[in-house]
Amino acid sequence: MAGEALGTALRLVTLLGRPLLLEGPAGVGKTEAAKTLADVLGTRLIRLQCYEGLDAQAALYEWNYARQLLHLRRAEATGREPSDAELYGENFLMRRPLLQAISEDVPPVLLIDEVDRADDAFEAFLLELLAEWQVTVPELGTITARTRPHVVLTSNRARELSDALRRRCLYHWVEYPSRAQELEIVRARLPEVTAALAAGVTRAVHALRELPLGKPPGVAETLDWARALSVLGYETLDAHALHTTLGAVLKLREDAQLAAPLLERQLARPE
Ligand SMILES: Nc1ncnc2c1ncn2[C@@H]1O[C@H](COP(=O)(O)OP(=O)(O)O)[C@@H](O)[C@H]1O
Ligand SMILES: [Mg+2]
């Protein structure tokens, strides 16, 4: 796990019981940080992936219509009409991440991932949930959290979040890892990649991040690139390897055109 400050921020989530907002470019390890927190605490990770148009209801629960229908048919076959309370009971409730997170006995880590993709209305609902820790399901009434989950929110900054949400959360800006840290990540994740190849890839990726690219590579791309080179049998990053596999790390034609000659020159230079 990169960064002492990030480690401290994650500890404060548990010590203060406050949500943590992690912001930073795509692929720097924000989601990974929440997974690590769950691992360290030995607890469950419950993830809500946000998207445009996500509403509170979809994030909370759904009724299992198929089962409700089946139940209804069975009851009818015996000449009985089930009550609403029966049909809208716990048996037919499918908990979505937010309701699940407040229904656990042991506090889980609740990851509200890419919250910047959801809209203002959903953000307002989240704020309320984070303050009150209770939700209302029309058919069931108000449900209060059994225990409070450890909350991590992430944002790629596609949209500015409200001041109110920021104020409620602790904040940490996640940077790309240093070259040494990223090399460590590659070595740990991909033991099959030679040391020379891992070093070459990390050096090149760090050079790429200095360029004005449309889509700068994240750690995910570093890992993809190293993996691609390795399965092709490369043991070092040379010009040929570079040209045949650049698509694993740069995903825009303009980026590749800008970067290829510069990387080639870098390869020709010793460290
Ligand atoms: N510090 C890290 N240690 C280990 N793996 C990492 C680290 N940062 C990122 N990764 C890996 O890089 C990829 C992208 O990370 P992710 O957490 O999805 O990025 P983000 O959520 O910031 O977009 C994942 O495959 C993740 O496992
Ligand atoms: Mg993520």
Side-chain angles (χ1 to χ4, degrees), residues 1-11 13 19-41 44-52 54 59 97-98 101 108-118 122-123 126 150-161 165 169-193 195 197-199 201-206 208-209 213-231 245 247-252 255:
M1 161 74 48
E4 197 187 336
L6 176 57
T8 304
L10 289 169
R11 279 189 59 213
V13 173
L20 171 65
L21 170 61
L22 295 177
E23 229 174 13
V28 286
K30 300 183 294 297
T31 300
E32 184 71 23
K35 289 184 190 163
T36 308
L37 178 63
D39 277 354
V40 169
L41 296 175
R44 241 187 107 180
L45 177 78
I46 297 180
R47 176 175 182 198
L48 173 69
Q49 171 64 54
C50 298
Y51 53 87
E52 216 185 310
L54 171 64
L98 292 185
V109 170
L110 170 61
L111 167 62
I112 303 176
D113 217 2
E114 303 187 351
V115 66
D116 52 329
R117 290 202 193 186
F122 186 75
E123 211 184 295
L126 266 185
H150 310 288
V151 183
V152 177
L153 301 99
T154 76
S155 163
N156 291 332
R157 229 171 179 180
R159 178 178 67 81
E160 277 307 321
L161 303 174
L165 186 62
C169 298
L170 304 165
Y171 179 80
H172 184 80
W173 174 262
V174 187
E175 262 305 335
Y176 291 114
S178 70
R179 217 171 115 182
Q181 283 167 342
E182 196 155 356
L183 180 58
E184 253 178 62
I185 294 171
V186 176
R187 299 289 282 150
R189 285 282 165 110
L190 306 172
E192 70 276 19
V193 172
L197 184 58
V201 164
T202 331
R203 180 186 179 207
V205 167
H206 277 253
L208 286 174
R209 291 192 191 129
L213 298 177
K215 288 211 178 302
V219 180
E221 279 74 25
T222 311
L223 293 169
D224 279 349
W225 196 15
R227 207 178 280 121
L229 287 159
S230 167
V231 295
T245 59
V249 67
L250 293 179
K251 310 293 172 75
L252 290 175
D255 286 355

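Computed from a prediction, not measured in an experiment: that's the story for all the values here. Just follow the structure's listing: the first ligand is 1, and inside any ligand the first atom is 1.
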The test is side chain to side chain contact (heavy atoms under 4.5 Å, CB included); show your working for Leu98 and Leu110 and say whether it passes. CA-CA 8 Å; Leu98 292 185; Leu110 170 61; 3.8 Å; yes
Are [X] and ligand 1 in contact, using a heavy-atom cut-off of under 4.0 Å?
X      : value
Gln181 : no
Gly27  : yes
Thr154 : no
Ala26  : yes

At a 4.0 Å threshold, what atoms of ligand 1 neighbour a non-hydrogen atom of Arg189? 4 (C), 5 (N), 26 (C), 27 (O)
Where ligand 1 meets Gly29 - atom numbers and elements under 4.0 angstrom, heavy-atom basis: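 So the atoms of ligand 1 that pass are 8 (N), 9 (C), 15 (O), 16 (P), 17 (O), 19 (O), 20 (P), 22 (O).
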Holding to salt bridge (Lys or Arg N to Asp or Glu O under 4.0 Å), I want the full list of residues that pass it with Asp113, two or more places apart in sequence or in another chain. Arg47
Using the test salt bridge (Lys or Arg N to Asp or Glu O under 4.0 Å), find all partners of Arg209 that sit at least two apart in sequence or belong to another chain. Glu182
Hey, mind stepping through Leu190 and Ser230 against side chain to side chain contact (heavy atoms under 4.5 Å, CB included) and telling me if it holds? CA-CA 9 Å; Leu190 306 172; Ser230 167; over 6 Å; no
Identify which one of Glu123, Glu52, Glu23 satisfies the salt bridge (charged side-chain N to carboxylate O under 4.0 Å, His left out) criterion when paired with Arg159. Glu123
Is the backbone N or O of Gly24 less than 3.5 Å from a side-chain atom of Lys30, with the two atoms forming a donor-acceptor pair by type?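 Confirmed, Lys30 side chain pairs with Gly24 backbone.
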Main-chain N/O of Ala248 paired with Asp224 side-chain donor or acceptor, under 3.5 Å: no
Does the N or O separation between Asn156 and ligand 1 drop below 3.5 Å for any pair? no
Answer yes or no: does an N/O atom from Val28 fall short of 3.5 Å to an N/O atom of ligand 1? yes
Checking Glu114 now: which residues fulfil side-chain contact (heavy atoms from CB on, under 4.5 Å) with it, not counting sequence neighbours?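 Applying side-chain contact (heavy atoms from CB on, under 4.5 Å) to Glu114 gives Gln49, Asp116, Arg117, Thr154, Asn156.
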Strictly under 2.8 Å of the Mg ion (ligand 2): which protein N/O/S atoms qualify?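 Counting only protein N, O or S atoms under 2.8 Å from the Mg ion (ligand 2), the list reads Thr31 OG1.
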May I ask you to identify, for Ile185, whether its side chain, its backbone, both or neither come under 4.0 Å of ligand 1 on a heavy-atom basis?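 Only the side chain of Ile185 comes within reach of ligand 1.
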Does Glu192, at its CD atom, have more than 12 non-hydrogen atoms belonging to other residues, nucleotides or ligands within less than 6.0 Å?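 Check passes, neighbour count above 12.
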Val109 and Val13: side chain to side chain contact (heavy atoms under 4.5 Å, CB included), yes or no, with the steps? CA-CA 10 Å; Val109 170; Val13 173; over 6 Å; no
